[in-house]
Structure formats: structure tokens, C-alpha cells
Amino acid sequence: MTSRKPIRKAVFPVAGLGTRFLPATKAIPKEMLPIVDRPLIQYAVDEAREAGIEQMIFVTGRGKSAIEDHFDIAYELEVTMTQRGKDLSVLGPTRLMPGNCAYVRQQEPLGLGHAIWCARDIIGDEPFAILLPDELMHGRPGCLAQMVEAYDQVGGNLVSVLEVPREDVSSYGVIAPGAEVSASLTEVTGLVEKPAAADAPSNKIISGRYILQSEVMRTLEDQEKGAGGEIQLTDAMARMIGTQPFHAVTFAGRRFDCGSKAGFVEATLALALEREDLGAEVRAMAERELGRST
Ligand code: UTP
């Protein structure tokens with residue numbers, strides 16, 4: 001019987017080392033790097049809040065305390081800004097409901113699956129969302145809100161997917177699509193991690209948003225007990241296909257891979273160009289730069 005408990009909890013795995021961004025990420029978590037003026041983690045938390053998530057669970061590691069500070073009250077800053085008559089509303093989204101955020105430590109970065117498993121006791125027996133903050137999902141409504149709408153229809157487990165050129169699939173998890181429920185919602189019959197282009201079951205890659213039933217934690221637990229190596233979330237999800245409904249939502253919006261330098265720059269440019277307060281200035285700058293480089 002499909003569980004239709006509401007999705008109230010979201011896990012944000014933020015314990016990775018961020019080696020692709022060194023030296024920037026030596027002392028600053030990758031998730032605190034800003035796109036224009038909001039850190040990556042703030043985009044993900046805002047997306048979760050918009051989708052109705054009540055409890056934010058961060059899986060952190062050593063050197064990640066800036067994330068906890070970001071979602072706390074900066075008392076001195078607020079007092080000083082108030083004394084100077086400055087508007088505090090810009091800090092509003094950084095406030096989480098007291099008691100509704102939790103931090104658990106992943107002592108060693110043993111992979112995404114292991115990071116999610118570290119949140120098992122806080123998740124309990126509820127379905128939950130996962131948002132990878134280094135994938136910036138840009139659209140209205142947000143990606144997780146689109147997925148929650150689909151969840152209300154089909155329940156079970158969902159991943160968000162994007163279509164990419166077939167030659168690019170080998171860096172991602174790829175779905176084997178089954179029956180189409182609607183233009184943007186497809187049944188999933190299989191999941192393959194990083195297949196060769198020729199063997200890939202489709203060109204639909206899993207992007208960094210998931211809604212999963214709590215049973216996935218037991219599967220991750222079995223992997224934990226098994227032979228060493230990285231604990232893969234895709235493998236754990238694949239084992240749930242056939243035992244529970246599993247669907248993919250094609251996200252109507254753009255995904256920026258901010259874990260890569262080029263994706264990070266692309267997101268910065270795209271979001272700056274859209275801004276009312278910056279767009280015209282940034283466009284003029286970009287055109288000047290392009291003129292110079294040709
Ligand atoms: P990535 O695969 O991008 O790894 O993780 P990374 O360590 O952050 O970055 P690089 O590859 O060294 O540059 C995707 C997400 O999963 C989290 C990361 O923090 C990131 O948000 N993660 C990854 C963990 O929480 N724990 C892990 O063991 C691995």
C-alpha cells in the first residue's frame with residue numbers, strides 16, 4: 001500500500017570536500033559559495049520551504065560551521081543594522097523556524113548514500129526529500145514543488161530528471177523509463193549509475209532532487225554492513241523499484257551544475273542577467289567582454 005504521508009522533512013547533504021573548488025573551499029564550505037548574493041545552500045532551503053518542507057536536516061562535516069551560522073541569528077549584525085536604520089528584510093530567509101532544523105555529522109565523506117543514511121534517526125518512518133545544494137534548480141514553481149505535486153498524484157518514490165545529449169549520460173545516474181503518466185511524469189523501471197552512452201537505457205539523467213520513502217534507509221543500512229567502498233544512493237534506490245511505486249518528474253526549468261566551475265559561472269551569469277537591479281549592467285559588461293575576446 002503506497003504511503004501518502006506528507007513530505008515534511010528534507011535532507012541537505014553538505015559534508016562533501018568540494019575538491020573541485022579548491023582553494024576557495026579550503027576554509028569555506030562549497031555550499032556557502034554565492035551565486036550573485038545568495039549562498040548555494042540558501043537557494044536549496046528556499047526551494048524546500050516553497051515546497052512546504054517544515055524540517056530542514058543538514059548532514060554536515062568538519063569545517064562546515066559557516067552553514068549553521070548562516071541559518072542562525074547574527075545578533076551583533078542585526079543590532080548594528082537596526083541602529084543604523086538599515087532594512088533587515090534581506091536576512092529573513094536565513095531564519096529557520098526554531099526547533100525545525102537539525103544538524104547531523106557525517107564523520108567521514110563516504111559518499112552521498114552514506115550522508116543520507118546518517119540522517120536515518122531524524123527521518124524515522126516518514127517519506128522525505130533530498131536536495132543537493134550544488135545543483136541549482138531554477139524555475140517557477142521550484143523543482144521540489146513540482147515533485148511534491150507529482151507525489152500527491154502517484155505517491156511512492158520520485159526523482160527529478162533532465163534530458164541531455166546521449167553522449168553526456170556517462171557522468172550521471174540514468175533512468176530506464178516505463179509507462180508515461182503525463183508529459184512530465186514517467187514510471188521508472190530501472191536506474192543505472194554512470195552507464196556508457198551505448199548502454200544507457202535513456203538520455204534522462206537524475207538531477208539532485210529526490211522524494212523517497214523511509215525504507216531506503218534500510219537498504220542503505222544493508223549496504224553499510226556489506227563490503228566497504230562508497231555507499232551509492234542510486235543502488236539503494238534501484239533496489240526499491242518493483243517493491244514500491246517509482247517515478248521520474250521532468251523538471252520544467254533550468255539546472256546549473258554549480259559543483260563544476262563552468263556551471264557555477266553559468267549560473268552566476270544567468271541569474272545576474274535576470275535581476276532587475278543588475279541585469280542591464282551585467283549584459284553591457286558581458287557584451288564588452290565578448291567584444292574584447294573575439
Ligand atoms: P559531490 O559529488 O559534488 O562531491 O557531492 P563534493 O565532495 O561536494 O565535491 P568535489 O567532487 O570534491 O568537488 C554532491 C553533494 O553531496 C554531498 C556534497 O556536500 C554535495 O552537496 N556529499 C558528498 C556529502 O554530504 N557527503 C559525501 O560523502 C559526499
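A donor-acceptor pair is defined here as one N or O able to donate and one able to accept, closer than 3.5 Å; such a pair exists between the side chain of R120 and the backbone of W117. Judged by distance alone, the side chain of K64 and the main-chain N or O of R105 form no donor-acceptor pair under 3.5 Å.
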request  = Determine, stepwise, if the pair K30 / R20 fulfils side chain to side chain contact (heavy atoms under 4.5 Å, CB included).
outcome  = CA-CA 9 Å; K30 174 172 74 172; R20 284 172 290 170; 4.2 Å; yes
request  = Kindly determine whether M237 and F246 satisfy side chain to side chain contact (heavy atoms under 4.5 Å, CB included), including the steps that lead there.
outcome  = CA-CA 9 Å; M237 292 191 303; F246 213 115; 3.9 Å; yes
query = Between V249 and V161, does a side chain to side chain contact (heavy atoms under 4.5 Å, CB included) hold up when you go through it step by step?
reply = CA-CA 6 Å; V249 178; V161 291; over 6 Å; no
Kindly list each side-chain donor-acceptor pair under 3.5 angstrom involving residues 188-212, sequence neighbours excluded, with atom names and distances?
from, atom 1, to, atom 2, distance (Å)
T189, OG1, A176, O, 3.1
E193, OE1, T234, OG1, 2.5
S202, OG, I175, O, 2.6
S202, OG, K204, N, 3.0
N203, ND2, V164, O, 3.2
S207, OG, S160, O, 3.2
S207, OG, S160, OG, 2.3
R209, NE, E47, OE1, 3.2
R209, NE, E47, OE2, 2.9
R209, NH1, L132, O, 3.1
R209, NH1, E135, O, 3.4
R209, NH2, E47, OE1, 3.0
R209, NH2, E135, O, 2.8

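Looking at heavy atoms from C-beta onward, V59 lies out of side-chain contact with V14 at the 4.5 angstrom threshold.
In summary, R283 and E274 do not engage in a salt bridge, as defined by a charged side-chain N under 4.0 Å from a carboxylate O. We find that K5 and E126 are not joined by a salt bridge, their nearest charged nitrogen and carboxylate oxygen being 4.0 Å or further apart.
A distance of 6.5 Å separates CG of D134 from CD of E31, quoted to the nearest 0.5 Å. Rounding to the nearest 0.5 Å gives a distance of 8.5 Å between CD1 of I57 and CZ of F128. The CG atom of L17 sits 14.0 Å away from the NZ atom of K26 when rounded to the nearest 0.5 Å. If you take CG on D168 and CG on L162, they are separated by 12.0 Å, rounding to the nearest 0.5 Å.
N100 and Q55 form no side-chain donor-acceptor contact under 3.5 Å, judged by distance and modelled atom types alone. At a cut-off of 3.5 Å, with distance as the only test, no side-chain donor of Q153 or H247 sits close to an acceptor on the other residue.
Shown here is I28, whose CD1 atom has no more than 12 heavy atoms of other residues, nucleotides or ligands within 6.0 Å. Other residues, nucleotides and ligands place more than 12 heavy atoms under 6.0 Å from the CD atom of E167. Surrounding CD of E149 are at most 12 heavy atoms belonging to other residues, nucleotides or ligands under 6.0 Å away. Annotation for R62: atom CZ does not count as buried by contact number, only 12 or fewer foreign heavy atoms lying within 6.0 Å.
Between F58 and Y103, the two ring planes are parallel [angle under 30°; tilted spans 30° to 60°].
Taken together through direct or relayed side-chain contacts under 4.5 Å among Ile, Leu, Val, Met, Phe, Trp and Tyr, V148 and M137 form parts of separate hydrophobic clusters.
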